[in-house]
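Here's the structure we're looking at; comments come further down.
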Amino acid sequence: MSDGPDSGIGGYLRRAIRSAGRQYEQSREQFTTGRTVTRLPADEHGRAKIVCRRHADKRAVMLSEDGVPPCFDAENRDCQGCLEDIREGVIETW
């Protein structure tokens, strides 16, 4: 048996608390994203009505559970900014 800082009951409690903290943060982030995404204006098919930064045009897109539009390109700075704006609820809409 190891006598390290994460051994015994104290180690078990530290691991359990860290795990609970990670789960809480994930849940909080998912809740915030879900709440923001549902506040965006949508068309009759449930697609979010956003203005694309990269192409500067109006789009109606289905967002993933994480609030990511299908046109998202992780390498594009405009797309990265768009995703941040969607998550913060400040994306330009129509």
Non-neighbouring partners of Asp78 that pass salt bridge (Lys or Arg N to Asp or Glu O under 4.0 Å), sequence neighbours left out: none
Leu40 versus Ala48, closest heavy-atom pair with distance: CD1-CB, 4.1 Å
Minimum-distance pair of heavy atoms, taken over all atoms of Pro70 and Val61: CD-CB, 4.0 Å
Glu44 atom CD: more than 12 heavy-atom contacts under 6.0 Å: yes
Note, [X] side chain near [Y] side chain (heavy atom, < 4.5 Å):
{"X": "Lys49", "Y": "Ile91", "result": "no"}
{"X": "Glu25", "Y": "Arg22", "result": "no"}
{"X": "Arg87", "Y": "Asp66", "result": "yes"}

Check: Arg54 side chain, Cys71 main-chain N or O, donor-acceptor pair, under 3.5 Å: yes
Verdict with supporting geometry, Ser19 and Gln23, side-chain contact (heavy atoms from CB on, under 4.5 Å): CA-CA 6 Å; Ser19 176; Gln23 290 174 3; 3.6 Å; yes
Side chain to side chain contact (heavy atoms under 4.5 Å, CB included) against Ile17, all qualifying residues, sequence neighbours excluded: none
Residues that, via side-chain heavy atoms closer than 4.5 angstrom, fall in one hydrophobic cluster with Met62: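 Members besides Met62: none; it forms no cluster.
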Members besides Val51 in its Ile/Leu/Val/Met/Phe/Trp/Tyr cluster (side-chain heavy atoms under 4.5 Å): Trp94
Residues which pass side-chain hydrogen bond (donor to acceptor under 3.5 Å, both in side chains) with Arg47, listed by chain and number, not counting sequence neighbours: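 Asp43.
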